[in-house]
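Keep in mind it's a predicted model, so treat the numbers as computed, not measured. Quick note: numbers below take in every heavy atom, side chains included, and nothing from hydrogens, waters or symmetry partners.
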Amino acid sequence: LASLCCIPIMFQIMNKFLLATAVTLAVLPMCLTAEDVKLIPIWPGLAPGETTKNKGEKLPRRENENPPATRIKDITQPMLEVHEPAKKNGTAVIILPGGGFNYVVQDKEGSEAAVWLNRHGVTAFVLRYRTKDGSGKPLWTRPLQDAQRGLGVIRARSAEWGIDAKTIGVVGFSAGGGLAAMLATGFEQRAYEPVDGTDKTSCRPDFAILAYPGGMLEADSVKLISQIRVTKNTPPMFLAHAGDDRRVSSPLNSAILYMELLRNKVSAELHIFQNGGHGYGMRAVEGSLIDTWPSRAEDWLRARELIE
């Protein structure tokens with residue numbers, strides 16, 4: 001009888017073990033892909049203002065974070081991770097991970113999105129942009145230089161990668177989402193002095209996907225910062241946010257940007273989910289439907305004939 005009483009407990013333990021194993025196996029291929037991926041530098045020498053070429057240091061994994069996430073700090077040599085699908089459709093994206101510009105969340109907000117897009121034939125490039133350096137300049141300054149240069153490199157070498165130069169977009173998460181908004185609205189003027197012929201290539205993204213973007217509003221305001229200047233030439237955007245996101249990246253960031261896009265007659269789509277918090281990337285959040293945002297983004301991309 002005592003043994004029979006233990007059976008339900010044993011089933012509970014087995015179920016938890018199987019669930020944990022399934023989650024780990026689901027993420028593992030993404031992690032392995034990120035480790036084996038090709039890396040290319042985006043600057044011919046030192047990046048603007050730099051004296052070193054540091055690819056960055058990985059921070060220790062956070063306790064109780066399952067699956068874990070990879071965070072890279074102290075980057076002074078920005079690189080592009082090249083993720084090519086088995087069957088290309090000509091569309092490409094540059095992915096800008098989050099991390100508050102203190103570090104780059106390379107997998108949860110980078111390579112995992114690349115794997116998702118690869119499944120739809122999209123060639124993806126994860127940008128490991130430069131991180132906080134203590135110079136006192138706005139934290140987005142160096143990442144914006146890298147984002148502009150990175151997209152220019154992709155477009156200049158589009159034929160090499162089998163990419164249509166007219167269908168290159170940007171995907172950004174968190175601080176990288178705010179950076180993507182700057183890239184999508186500030187492409188007419190480079191944030192650095194041109195260094196070679198690549199900088200003659202347009203760095204305008206042809207479309208933008210922003211997931212829980214932050215840092216786009218002036219302090220204690222509902223006004224976009226001056227670096228985000230929406231015009232009629234701004235590319236189409238898809239925005240996704242959770243309604244319970246924290247203050248610096250509250251859903252007002254997406255809502256106000258969406259209003260500006262509408263005001264300038266720029267095609268846009270906005271999804272604000274009831275809950276989900278922040279920093280989920282492509283992953284599920286218990287008690288939330290926030291992990292369905294990629295499906296909505298797929299619908300949007302499909303409607304624009306960027307994927308099948």
Any side-chain to backbone donor/acceptor pair from [X] onto [Y]? Under 3.5 Å, distance only.
X: S254; Y: P251; value: no
X: N253; Y: M216; value: yes
X: Q148; Y: Q189; value: yes
X: K108; Y: G279; value: yes
X: R128; Y: V104; value: no
X: T198; Y: V153; value: no

Looking at [atom1] of [X] and [atom2] of [Y], how far apart are the two atoms once the value is rounded to the nearest 0.5 Å?
X: H271; Y: D299; atom1: NE2; atom2: CG; answer: 8.0 Å
X: L183; Y: I94; atom1: CG; atom2: CD1; answer: 7.0 Å
X: I290; Y: I272; atom1: CD1; atom2: CD1; answer: 10.0 Å
X: I75; Y: D133; atom1: CD1; atom2: CG; answer: 12.5 Å
X: L39; Y: E81; atom1: CG; atom2: CD; answer: 6.0 Å
X: Q106; Y: M79; atom1: CD; atom2: CE; answer: 12.5 Å

Minimum side-chain heavy-atom gap [X]-[Y] below 4.5 Å:
X: R263; Y: M259; answer: no
X: N89; Y: V122; answer: yes
X: M237; Y: T185; answer: yes

Mind listing the closest non-hydrogen atom pair of [X] and [Y] along with its distance?
X: G276; Y: S288; result: CA-OG, 3.5 Å
X: A156; Y: T201; result: CB-OG1, 3.8 Å
X: D107; Y: P68; result: OD2-O, 4.3 Å
X: V230; Y: L257; result: CG2-CD1, 3.7 Å
X: Y258; Y: L270; result: CD1-CB, 3.7 Å
X: M282; Y: P294; result: CE-CG, 3.6 Å

Answer yes if [X] and [Y] sit in the same cluster of Ile, Leu, Val, Met, Phe, Trp and Tyr residues linked by side chain heavy atoms under 4.5 Å apart, and no otherwise.
X: I72; Y: L179; result: yes
X: I307; Y: V170; result: no
X: L151; Y: L210; result: yes

Between I163 and F125, is the side chain to side chain contact (heavy atoms under 4.5 Å, CB included) condition met? List the steps.
CA-CA 12 Å; I163 295 168; F125 301 82; 3.7 Å; yes
Using a strict cut-off of less than 4.0 Å between a Lys/Arg side-chain nitrogen and an Asp/Glu carboxylate oxygen, indicate whether [X] and [Y] qualify as a salt bridge.
X: E269; Y: R296; result: no
X: D146; Y: R149; result: no
X: D206; Y: R304; result: no

Carefully, step by step, assess L117 and I95 under the rule side chain to side chain contact (heavy atoms under 4.5 Å, CB included).
CA-CA 10 Å; L117 290 163; I95 300 174; 4.3 Å; yes
Using the salt bridge (Lys or Arg N to Asp or Glu O under 4.0 Å) rule, take E84 and K88 through it: C-alpha gap first, then chi angles, then the decisive distance, then the call.
CA-CA 8 Å; E84 297 183 87; K88 300 179 181 181; 2.5 Å; yes
Evaluate the ring planes of F238 and W300, with Trp represented by its six-membered ring, and classify them as parallel (under 30°), tilted (30 to 60°) or perpendicular (over 60°).
tilted
Step-by-step side chain to side chain contact (heavy atoms under 4.5 Å, CB included) determination, I40 to V82
CA-CA 8 Å; I40 60 171; V82 185; 4.3 Å; yes
Can you check salt bridge (Lys or Arg N to Asp or Glu O under 4.0 Å) on R283 and D291, steps first, answer last?
CA-CA 6 Å; R283 302 178 184 180; D291 63 321; over 6 Å; no
As a quick check of understanding, evaluate salt bridge (Lys or Arg N to Asp or Glu O under 4.0 Å) for R229 and E188, giving each step before the final call.
CA-CA 11 Å; R229 306 175 295 276; E188 293 178 350; over 6 Å; no
Does a donor on one side chain and an acceptor on the other come within less than 3.5 Å for R142 and S135?
no
Between the side chains of H83 and S111, does any donor sit under 3.5 Å from an acceptor?
no
Apply the test ring-ring contact (aromatic ring centres under 6.0 Å, His included) to residues W293 and Y212: give CA-CA distance (whole Å), side-chain angles for both, the deciding distance (0.1 Å), then the verdict.
CA-CA 11 Å; W293 79 260; Y212 49 94; 7.7 Å; no
